[in-house]
Structures are given as C-alpha cells and as structure tokens.
2 protein chains.
Amino acid sequence: MTSRAEILAAARRLIDEQGWEKLTIRQVAAELGIGATTLYHHVRNKEDLLLLLITEYANQIPHPELPEQPRDRIIVAMKAGHDAFAAWPWAAEVVIVDGFIGRLGDHALWLVEVVLAGAVDYGCTPAQSVYVFRSLWYYTVGEILVRARSKRDQAAIQGDFDFDARLSSFDPERLPVLAAIGAQWGPLAAEDNFLNGLTALVDGLLAQATATN
Amino acid sequence: MTSRAEILAAARRLIDEQGWEKLTIRQVAAELGIGATTLYHHVRNKEDLLLLLITEYANQIPHPELPEQPRDRIIVAMKAGHDAFAAWPWAAEVVIVDGFIGRLGDHALWLVEVVLAGAVDYGCTPAQSVYVFRSLWYYTVGEILVRARSKRDQAAIQGDFDFDARLSSFDPERLPVLAAIGAQWGPLAAEDNFLNGLTALVDGLLAQATATN
DNA sequence: ACCTGAACACCGTTCAAGT
DNA sequence: ACCTGAACACCGTTCAAGT
C-alpha cells in the first residue's frame, strides 16, 4: 500500500537530484516501484503533487526572532522568506510558473503579516504597506529566480549574464563602462548582496512613504 | 520555399495568441502549412527558435531620451527595459526559464551601460555600479514575472496572491493587519507601482553606496 | 479500496527517402 | 538544397479490468 507521504518523499528526492522541470509522474512511480497510474489514486495530478510539496515545505519555514524596530522587523522577515526560498529555489520557480502563491497557509503568511505590520508601525497607511510588501516581494522573487537560474546553468553560461563570453566584443565607444568592467563582471555578479539591496529598498520605500504622508 | 523570417512571424503570432508555453514546433509548422520536420532545416531546435525571436525583439527596443541627472538616467533606462519586457512578458519568462540573458546583443546592452554609467557618474565605484544594476534587475524581473503570471491566471486566481479567496479565513489574532486589509488587497495589488518602487530602490542604493565611500 | 496495463493524445527530434 | 512521412523516445492522464 502506497501512502501520499511516500509519494511526496520520493518526489522531493528526485527534485533535489535533478531539478523540478525533469520530474515525471512515471519517474516518481518507478522510484516507488509502483505503476504510474497508481499515483493518481493518491494525488489529483502533477500540479497537485507539486503544490502539496510546496505547502509542506512552507509550513516548515522557521519563524525568526523579531527585532524592536519596525524597519528591522521588515528586513528580518523578508530575509527569512528569501532564505527559505533560496534553499529550495525550485519552489520559487513553481510558485511563479504555476501561480501557486497565496495558497501557502497561515504559517508562511505570518511573514507577510510581519512586513505589513512593520510598515504600519513605521507610519505607513495600510495601502502603503501593501505597496511596500509587493515591492519587496518583486525584488526577492527576482533575486531568487535569477540566481537559481545562473547557478543551474553555470556550466553552459558563465556568470549571471553571460557577459564573460562576450567581454572582448564590447565596443568601448558605445559601451565604455561595460568594457571597462570587463572580466570583473563575473566575480562581481557572483557576490551575494541580497541583504544589502533589501536594506536599500526598505529604506528607500519607507523614506518615500513617510515623505508623502 | 520557407524562410526563417516566416517561421519567426508564425511563431510570434501563435505566442501572442496563446502564450509561449503552449507553443509547439508542430503547431508552427501547421500554421505555415509545412511538415513539422521541415522546420529543422531553418532553425536548430525549439530553444534556438525562441532565442531568435527574443533577440529580434530586443533589437527593436526604443532607446529613450536621457535626462541630465545620473540618478534620473538610471531610472529612465531601467523603466525602458522594464516596459519592453512588460509589453512582451513571455520574453522575460523565457529569459529566466531558459537562461537566455546576456546573449541579447549590443542594442539591448546599451540600457545596461546607461545604468552602470549613471551609477559611476553619481559617485559609485565600478563594483558598486554592478551591484546597483543587479539589484535593479532583480526588482524588475520579479515585477514582470509576478505581474505576468497574475494577469494570465486572472480567471483562476484573484489578484496577485489569491488572498481574496481566503480573506475570511485570516485569523485576526495571528494576522491582524492582513485581516484588516481584507478585500482591499485585490485592488491594491492591481495598482501599477513599478516606477515608484524603482525610484525608491534607486535612491536607497545610491544613498547606501555614497555613504560607504 | 487499491492497483494495473493498455491506450489516448500529445511532445521534440532524427533520419532515410524523395524532388 | 529543400522538403517529407515514418519512427523513436518520451510525456500526463484516463479507463476498464483485475485483486
């Protein structure tokens, strides 16, 4: 007898090994030594399987200790969400590609709540705090997806933007700064500056919001 | 006799109609009234077809007039890149999903150059200007992907985060701000605040960079 | 209830064979 | 050169049939 938990565990194993795009229903079944069609007695379809996996994961995200200052609480909460996604970047890809977001459960939404409450405590209106959260969310999602991609394609593509391969072809007349940066791009793009950028964005957003009040 | 231009035009037509994920080599061939295998005489494979389409599109992105101030040049250049992607969001998805970025050609890279040069003119080191660009890029990519997704899934999912469907289930004890925002979330999430967030991020990044110099 | 193989309606891509 | 149908190696999913 097969259980849903066994199916999820097998799927997770395969995803960690080879990435979620390669995951196949038939493959999960083979991993469990059962017929492919048997899976459909425990899971509605492939999308449902991925959603179950993600909600399970989201419910395990640790809730961080919150600092005093509202501005710092926002940063800490967003960083916690980011780190959870970054540790399992395929979840972010699925959330984006299949629109799973928002079905995540109260546990994960608590991080959203902390960001919104921090903005309100800082002096934002509720509308402004939604704007603050969404802006931070865009930044976070973009960082995870771009980095996850460049990490996976490391063999095929050098650095985030494949600039390395084209450095010599930059026209110093038309693209002088790019040409000057040259081979430094690769190492610079590999640096993890998520927290710095997050801080800059939070400070920029809060300054903006309180200036217009 | 089939030409590569005809193939690209047909593919573009089909993508605009039904989205790039649904695009099929066999479908493009059918649209042109030729055998599916014929396509492989004009295009290496499906990935190559998509790449050709994107580079063609990227070379048509208009170069905006640049304002005087370095800070404003950064914003204008980034906004132009964003708007080009936003008008054809599937390009951003392909760039992310298939790691096409960096193969875009000098025309599109000019926008990157403007951002980097603006940061340097403002007083950033080259390394800092790369950091500034990457942070802005993450924000921009995230915005496009999240919005593109929520627009496509409008029928299935209300708003960016499917909160609407769950508003009544928010526990006011544990998620008070979310519960208070309630039904306002949908309209608020639908607002286009890309430029505001971009401005906040640029100002935050430039303040941060010059503070540490 | 739980499981299964056969089958359906698809994919991208290759390749020998045609003009 | 340019095009083709047949074929290969896959998919997710359904369904009647088994225990």
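In the text below, chain A, chain B and the rest are named by the order of the sequence lines, each starting its count at 1. Since we're looking at a predicted model, the values are computed, not measured.
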Relative to the ring of A:H107, is the ring of A:H63 parallel (under 30°), tilted (30 to 60°) or perpendicular (over 60°)? parallel
Heavy atoms only, 4.0 Å cut-off, all strands: where does B:T24 land among base, sugar-phosphate and nothing? sugar-phosphate
Output every pair passing ring-ring contact (aromatic ring centres under 6.0 Å, His included) with a member in residues 35-60 of chain A, not counting sequence neighbours, ordered by first then second residue. A:Y57-A:W88
Report yes if a side-chain nitrogen or oxygen of A:T38 is closer than 4.0 Å to either non-bridging phosphate oxygen (OP1 or OP2) of C:dC2; otherwise report no. no
Could you tell me the separation between the OH atom of A:Y40 and the P atom of C:dG5, rounded to a whole number of Å? 15 Å
Distance in angstrom units between B:K22 NZ and C:dG12 P, rounded: 13 Å
Given atom CD of A:E21 and atom C1' of D:dG12, what is their separation to the nearest angstrom? 17 Å
Remember a base hit wins even if backbone is also touched, and classify A:L23 as base, sugar-phosphate or nothing at under 4.0 Å, heavy atoms. sugar-phosphate
5'-most contact on DNA chain D: B:H42 or A:Q27, nearest heavy atom basis? B:H42
Return the 5'-most residue of the pair A:G33, A:R26 with respect to DNA chain C, ranking by each residue's nearest nucleotide. A:G33
Looking at A:H41, does any N or O in its side chain come under 4.0 Å of the phosphate oxygens OP1/OP2 on C:dT4? no
Nearest-angstrom distance from the residue atom CD of B:E6 to C1' of D:dC3: 14 Å
In whole angstroms, how far is the P atom of D:dT14 from the CG atom of A:L39? 13 Å
In Watson-Crick or G-U wobble terms, with both distances under 3.5 Å, the base opposite D:dT14 is C:dA6
Is any side-chain heavy atom of A:K79 closer than 4.5 Å to one of A:F194? yes
Separation of C:dA1 atom P from A:R4 atom CZ, nearest Å, is 17 Å
Rounded to whole Å, please give me the gap between CD1 in A:I25 and P in C:dT4. 15 Å
Considering Watson-Crick and G-U wobble pairs with both distances under 3.5 Å, what does C:dA1 pair with? D:dT19
Quick check: on DNA chain C, is the nucleotide nearest B:N45 upstream (toward 5') of the one nearest A:I34, or the reverse? Name the residue that is more 5'. A:I34
Donor-acceptor pair between A:Y138 and A:E143 side chains, under 3.5 angstrom: no
Spacing of A:R44 atom CZ relative to D:dT14 atom C1', expressed in whole Å: 16 Å
Any B:T37 side-chain N or O less than 4.0 Å from OP1/OP2 of C:dT13: no
Would you call B:V141 and B:W137 a side-chain contact if the rule is heavy atoms closer than 4.5 Å? yes
